[in-house]
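Have a look at the structure below, then the notes.
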Amino acid sequence: MPTPGIPRRTVLTAATATTALAATGLAAPAAHAAVPTLPHGTSADKVLVVGMDGVRHDLIDAANAPHLKAMRAAGTYGTSLLYANPMAATSSGPGWSTISTGVWPDKHGVRDNSFTGRDYSRYPGFLARLHQVRPELSLFAAVDWKPLDTYGTVTAGADAALVLDGDRDGYVAHDETITATTVSVLRDQNPDVAFVYLGNTDVVAHSYGTGKKYLDALAVQDAQLGRMLAAIEARPTRAAERWTVVVCTDHGHVDAGGHGGSSIPERMTFVLATGPGIAAGARPHDTRLVDVAATVFHQLGIVPDPSWGLDGRPIQQRSSDPFDTVYGSLRDRVDESGIPAGVLGFTHTPPTGWSVINSAMGTGGVTEWRGWSFTTDDFWSRTHRDQWRELNVRARGVFAVADSDEWDDRSNSGRFDSTLVTPAYSVSGKARATLRFTTHYRQETGQTARVLASFNGGTPTVVRSYTSDVVAQPQALTVDVPAGASSVGFRFHYTGANNWYWVVDGVEIHTS
């Protein structure tokens, strides 16, 4: 419960003075803020989320970053790629909104740094959500990119928030103040959840690119992370507590510095977590940036209400999707010369029990996409930028794709005509069968996309035809089970001729 006389909501700003930061060797104005007093925490399960702006995960190994590297060894580390326009720019506003709310930009509404269209009332940040459902928790936030407070992206719901202005005063000193304040709060008080933002890596990348100065800035932030971790370990009640620590970033950078576009370096993100139930050394291929909020809830023992509409899930929860079982069969490029060698990402071998019918498929074409293929975002979205492949955000890990556009990039004859066939599922004694899956479909005249159902191996009948774009959305198709039917199978039949594509993932069958 709150300590008597302490308000549940405090926002602190900072005056500036001059100091030298030994960690960077740079003189910079340092903000001095009184350490906020939080209500006394009530939970033995506690979470610290540290957000580092604009960190390229592929450069961590090159940096002097022992704490990040130790966390990777001790925890679960999932890398993934962001969306791009027209869903949202690879900018901080959409990125931190996605992290905080646990939903993609087509829900939270933030598409750039103007924050226009934000819908935090329906999709609040996880601190705001925790304040709603567990008001007894002690919640702390610290940011030095002010929009994260101005628009309520991160600080909403916090019992105390340290808000600094890095754009006005500089991020070097303000990141240091945030670190020192957070260390004091973690060591000497009893917070339950803290969300801490460090911004200097992004600023350095914009000014100098991702070379030595950027790696030096990352080393400073790693040391700041290390001080926070040490503060947790120094807590007098540490032995009785269960701490989860999450580190994440909102977007990447091109080598020369800058982001907002659709290149792979700009779309790079990661979620790194240690704590109870989180496997050491795990490198999942199905983690997404929306998983931060869901991980926070899970580690606090909170089961999200379906009405929250979360797109994320706890970082330790693996996909049960059948397509992910072929991950070990993914192979290197064949005809796709624009994809770097070593990026494993496609196979034509379906999961056990599934099949692909290519008897009507044209000849030739790009090998990777001849008929339904099983691939990853890292591989498939590299084939051609800015054709909405980057918008396939709700697919995870390995997914199935029929892509007549890419197939047609090499000499071929005939049409793209391929059918993906599920196993047969038992429906004995059931009245209805519901096919659930996620789809990402782009429509163009001349192509067809149909879902068909077959009972007891009989003639397939059309359940759904797609005739307009469906951008990364869950689907639920329910069919009545005929009298005497004991099994049902489904087919995804796509045809085209240098048209677009159809993605299917997360296939599940439910009966009632």
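Given the structure is predicted, the values throughout are model-derived calculations rather than measurements.
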Verdict with reasoning, Leu300 to Val193, per side chain to side chain contact (heavy atoms under 4.5 Å, CB included): CA-CA 9 Å; Leu300 294 170; Val193 182; 3.7 Å; yes

Calculate, to the nearest 0.5 Å, the distance between atoms [atom1] and [atom2] belonging to [X] and [Y] respectively.
X: Ile315; Y: Arg318; atom1: CD1; atom2: CZ; value: 7.5 Å
X: Leu59; Y: Leu215; atom1: CG; atom2: CG; value: 6.0 Å
X: Leu198; Y: Asp53; atom1: CG; atom2: CG; value: 9.5 Å
X: Met268; Y: His57; atom1: CE; atom2: NE2; value: 4.5 Å
X: Leu289; Y: Ser80; atom1: CG; atom2: OG; value: 6.0 Å

Would you confirm whether [X], through its side chain, and [Y], through its main-chain N or O, come within 3.5 Å as a donor-acceptor pair?
X: Thr422; Y: Phe490; value: yes
X: Asp112; Y: Ala88; value: no
X: His259; Y: Thr90; value: yes
X: His253; Y: Gly258; value: yes
X: Thr249; Y: Val55; value: yes
X: Glu406; Y: Trp369; value: no
X: Thr375; Y: Gly345; value: yes
X: Asn113; Y: Gly93; value: yes
X: Asp469; Y: Gln443; value: yes
X: Arg382; Y: Asp378; value: yes

According to the salt bridge (charged side-chain N to carboxylate O under 4.0 Å, His left out) rule, which pairs have a member within [range], sequence neighbours left out?
range: residues 327-340; result: Asp335-Arg410
range: residues 74-84; result: none
range: residues 247-271; result: Arg56-Asp255, Arg267-Asp377
range: residues 440-463; result: none

Closest approach of [X] and [Y], non-hydrogen atoms and distance?
X: Thr269; Y: Leu81; answer: OG1-N, 4.4 Å
X: Gly152; Y: Ala156; answer: O-CB, 3.4 Å
X: Met52; Y: Thr201; answer: C-OG1, 4.4 Å
X: Asp409; Y: Asp405; answer: OD1-O, 3.4 Å
X: Ser43; Y: Asp192; answer: N-OD1, 3.1 Å
X: Ser97; Y: Val110; answer: OG-CG2, 3.5 Å

Side chain to side chain contact (heavy atoms under 4.5 Å, CB included) evaluation trace for Ile357 with Arg491: CA-CA 10 Å; Ile357 301 174; Arg491 299 181 176 214; 3.6 Å; yes

is_close_aromatic([X], [Y]), centroid dist under 6.0 Å:
X: Phe437; Y: Phe492; result: yes
X: Phe323; Y: Phe374; result: yes
X: Phe297; Y: Trp308; result: yes
X: Trp502; Y: Trp372; result: yes
X: Tyr441; Y: Trp500; result: no
X: Phe126; Y: Phe195; result: yes
X: Tyr327; Y: His285; result: yes

Side chain to side chain donor-acceptor pair (under 3.5 Å) evaluation trace for Thr153 with Tyr120: CA-CA 8 Å; Thr153 308; Tyr120 297 147; 2.9 Å; yes

salt_bridge(Asp505, Arg396) N-O dist < 4.0 Å: no

Presence of salt bridge, Arg313 and Asp291, under 4.0 angstrom: no

Residue pair Asp311, Arg288: steps toward the side chain to side chain contact (heavy atoms under 4.5 Å, CB included) verdict: CA-CA 9 Å; Asp311 290 318; Arg288 303 293 295 221; over 6 Å; no

Sole candidate of Leu330, Asp324, Val401 that passes side-chain contact (heavy atoms from CB on, under 4.5 Å) when paired with Thr376: Leu330

Positive for side-chain contact (heavy atoms from CB on, under 4.5 Å) with Val49, one of Leu127, Val154, Val246: Val246

Full working for side chain to side chain contact (heavy atoms under 4.5 Å, CB included) between Trp380 and Tyr501: CA-CA 11 Å; Trp380 183 58; Tyr501 47 74; 3.7 Å; yes

Criterion side chain to side chain donor-acceptor pair (under 3.5 Å) on Ser329 and Thr347, from CA distance to verdict: CA-CA 6 Å; Ser329 301; Thr347 182; 5.2 Å; no

Pairing residues for Phe416 by the ring-ring contact (aromatic ring centres under 6.0 Å, His included) criterion, not counting sequence neighbours: Trp407, Tyr494

Whether Trp145 and Phe115 hold their rings parallel, tilted or perpendicular, with breakpoints at 30° and 60°: tilted

From CA spacing to verdict: side chain to side chain donor-acceptor pair (under 3.5 Å), Ser486, Ser428: CA-CA 4 Å; Ser486 59; Ser428 295; 4.8 Å; no

Verdict with reasoning, Asp386 to Ser262, per side chain to side chain donor-acceptor pair (under 3.5 Å): CA-CA 7 Å; Asp386 301 321; Ser262 60; 2.7 Å; yes

Asp61: salt bridge (charged side-chain N to carboxylate O under 4.0 Å, His left out) partners, not counting sequence neighbours: Arg72

Phe399 and His440: CA distance, side-chain angles, deciding distance, ring pair (Phe, Tyr, Trp, His ring centres under 6.0 Å) verdict: CA-CA 10 Å; Phe399 51 85; His440 180 54; 9.0 Å; no

Worked check of salt bridge (Lys or Arg N to Asp or Glu O under 4.0 Å) between Arg432 and Asp480: CA-CA 5 Å; Arg432 287 170 296 277; Asp480 293 328; 5.2 Å; no

